[in-house]
There are 2 protein chains.
Amino acid sequence: MIPINVIEEISIITPSKIVMLVIDGLGGLPEVSSGLTELEIARKPYINELAQKSICGLIDPVGPGITPGSGPGHLALFGYNPLEFTIGRGVLEALGIGFDLTKNDVAARGNFCTVDDSGLITDRRAGRITTEKCTELCKLLSKIKLEGADLFVWPVREHRFMLVLRSKTLSPNVEDTDPQRLGVAPKPAVATSSEAEQTAKLINSFVKEARKILSEHHPANMILLRGFSKLPDIPSMNEIYKLTPAAIAVYPMYKGLAKLLGMKIYSVDGGFREELKVLSDCFAQHDFFYIHVKHADTAGEDGDFPRKVKVIEEVDSAMPLLLNLKPDVIVITGDHSTPAMLKMHSWHPVPVMLYSQWCRPDSAKEFSESACVTGGLGRLHSTDIMTLAMANALKLTKFGA
Amino acid sequence: MIPINVIEEISIITPSKIVMLVIDGLGGLPEVSSGLTELEIARKPYINELAQKSICGLIDPVGPGITPGSGPGHLALFGYNPLEFTIGRGVLEALGIGFDLTKNDVAARGNFCTVDDSGLITDRRAGRITTEKCTELCKLLSKIKLEGADLFVWPVREHRFMLVLRSKTLSPNVEDTDPQRLGVAPKPAVATSSEAEQTAKLINSFVKEARKILSEHHPANMILLRGFSKLPDIPSMNEIYKLTPAAIAVYPMYKGLAKLLGMKIYSVDGGFREELKVLSDCFAQHDFFYIHVKHADTAGEDGDFPRKVKVIEEVDSAMPLLLNLKPDVIVITGDHSTPAMLKMHSWHPVPVMLYSQWCRPDSAKEFSESACVTGGLGRLHSTDIMTLAMANALKLTKFGA
């Protein structure tokens, strides 16, 4: 992969436009009867026609064999090495529920849990209380007052919540209080560096107060915290690529991540067609567009092969709306694979196709895992895709004389 | 390649089993008449059938164009970057003859050589004396006494021997005494760092005594030493992968290398069938099995194309014994190429096939260099194979949230 500072040096502003369509969890595995994957079986005439004018390949978001979370998967697509730029669990949880993190915030992922009379953990998930109960408890915990820091407790889902402490003097260098096993007490927050000592103290005060408040709310009578983290120091896409990027997405985590990279966020309530309507509306104002399609991943995680096929077919049927805008570069890919056969994110490399007038098309006649194996891009790191998109948009000048 | 600490974080213990079959020097070059390589010409119905359910590709042990020794070739297959983890020539020589190195040992590779009356080298290999003569001379040199260190002189083959000095205060930072040319005197051992000065002194005493003893043994009347080295500080496969690995091999060097990585060694006297018998016996006790087949490399180095073909066919004929154990992941590959046409190790990327229920099989209908070119793995670094084997055994959790 090309170092970011090299891209910064050679990127230029041009009127050309790049659309990157990320179908979440796109890559799949063949089902037994047909021997074909979700993408291979899907009827997708528009995408296949575009594939014939495109260059295809397979990409590894982190590396061969590594199953990426959504964070690393997306960072790689935008050209950020996910081994270098990591986003803490707490920050990701905050982004995921649309919490507006500031530079002064330390975020943590929280679990309501159950402890017995001796304070030992008997259930790390408090019997998976309902989201309604979680919301009620978060409201109670929000009332805790800490000296020297504001705090925010937001529900996520079931037993999960987000804790954010806000103050200029906080540090995320604090160990998890979650021991990740039963029969032991929650651990105290311990600073791993001296500048985090105040933060650890604040967290311990919060936990102490929380325990008092929760004592009447069995099974959710205690909390566990992990993944203390701050917004990473990450250069914006404008700094690196000189782009004016837009993100068109439905789900908070993807919008949060895009915001982190300096994209202008266009929230959409609806499906891919609604996203393309927004694309059309803002097409004049940006030169890079990230469009996120969530439900291929959801179907994959549910093990619902036919539903994943259907999501891909729905994307295809709306493609004319995208094609009519005539972007100079169109990339279609995923942030990782989520084969319905596996019901989870997987390590399998993700199919990618890149269309532009200058792409040097290959022999791939359709967009599929098998066609991508013999595609002209070969097997690449996902971080290479952004550079290739920039090049195909003629937005990169020569390196060296 | 993925940093080892990342793998450490995401690896988990599961009951699934990985078999890695390393056919030494597997990759070849086409013979003129048929235009086919050793692997392509070999009749291997079982392997080809498995290849149809596998994902295939080509791997570079060190990098394109680099011909690896057996050490780097194997390290890469086990996921250790051979450019980062180097094993000194002395240590490799000791491992190769089954010497049980300790952390306090400095090992060197030795040559018996011939010097003239003025002490100038006239033959760096002492006319390639017989191994019997070498053994006799090593016994004599073993009697030398050094102050502050034990010493071991073991024969290797013909003019080659191993010298090991043992003491807590030794350092391997000593220059070779072998000038690698004729007409000059052997060089004194020179310390390249201050903590090696005692070691250099001990080596020079040893060489002085050796010369006295050998004066009557022309043409082996002097010695040359090179590759002073200690056991490298290398994390075990258990530390990185949480595996309980086993090595099934015949030859000492491969067993020594495997031991270095923390594998349990199963010594075998015989061929692949005997190795598979051992595999079957210990199959319940481990989750990773490295099986080494030496003679493809030997045949390649001898330039014996038909014999290399035969070794591959013999491996194939015994495959049912392996398949019957139903390992979750089977990798078949080599540590490097040794084309019979070249009669030496070579830089050509090595064919690899990986079978698992989750491998996303490709269009390769047989296991051969040409089929692997279009395989679904593409061209990878050999170090990626271990990560992929772990992933396919579902022994790696997600990276990042």
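All values below were derived from every heavy atom in this structure, side-chain atoms included, with hydrogens, water molecules and symmetry-related copies excluded.
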Problem - Among B/D362, B/L380, B/I385, residue most engaged with chain A (heavy-atom pairs, under 4.5 Å) - result: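 Greatest number of close heavy-atom pairs with chain A: B/L380.
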Exercise for the section: Against chain A, work out which of B/N392, B/T397, B/L396 has the most heavy-atom pairs shorter than 4.5 Å and name it. Expected result: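 Looking at each of B/N392, B/T397, B/L396 in turn, B/N392 comes out on top.
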Practice task
Check whether B/I55 gets within reach of chain A through its side chain, its backbone, both or neither, counting any heavy atom under 4.5 Å.
Solution key: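 B/I55 has no heavy atom closer than 4.5 Å to chain A.
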Practice task
Please look at B/I7 and chain A and tell me whether the side chain, the backbone, both or neither of the residue comes under 4.5 angstrom of a heavy atom of that chain.
Solution key: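 Just its side chain gets close to chain A.
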Check whether [X] gets within reach of chain B through its side chain, its backbone, both or neither, counting any heavy atom under 4.5 Å.
X	value
A/E369	side chain
A/S346	neither
A/M344	side chain
A/L75	neither
A/P30	side chain

What's the separation between atom [atom1] in [X] and atom [atom2] in [Y], rounded to the nearest 0.5 Å?
X	Y	atom1	atom2	value
B/M1	B/T383	CE	OG1	3.5 Å
B/W358	B/L394	CH2	CG	7.0 Å
B/I23	B/I47	CD1	CD1	5.0 Å

Problem - Over all atoms of both residues, closest heavy-atom pair of A/I234 and A/L260 - result: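 In this case the closest contact between A/I234 and A/L260 is CG2-O, 3.7 Å.
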Handout entry: Contact summary for B/R360 and A/S337, nearest pair of heavy atoms
Key =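 For B/R360 and A/S337, the tightest heavy-atom pair comes out as NH2-OG, 3.5 Å.
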Between [options], which residue shows the highest count of heavy-atom pairs closer than 4.5 Å to chain B?
options	answer
A/G71, A/P61, A/G35, A/P72	A/P72
A/S370, A/G378, A/C372, A/P349	A/P349
A/V62, A/T374, A/D60	A/V62
A/T37, A/V373, A/I66, A/I87	A/I66

Exercise for the section: Might you confirm whether atom NZ of A/K365 has over 12 heavy atoms from other residues, nucleotides or ligands at distances under 6.0 Å? Expected result: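 Yes.
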Exercise for the section: Using the six-membered ring wherever Trp is involved, compare the ring planes of B/F289 and B/F283 and label them parallel, tilted or perpendicular (cut-offs 30° and 60°). Expected result: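 Ring orientation of B/F289 relative to B/F283: parallel.
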Problem - B/K395 charged N/C atom sitting above B/Y241 aromatic ring, 6.0 Å / 45° - result: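 Checked: cation-pi criterion not met.
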Problem - Residues B/Y254, B/D24; criterion side chain to side chain contact (heavy atoms under 4.5 Å, CB included); working and verdict - result: CA-CA 10 Å; B/Y254 309 94; B/D24 206 304; 3.3 Å; yes
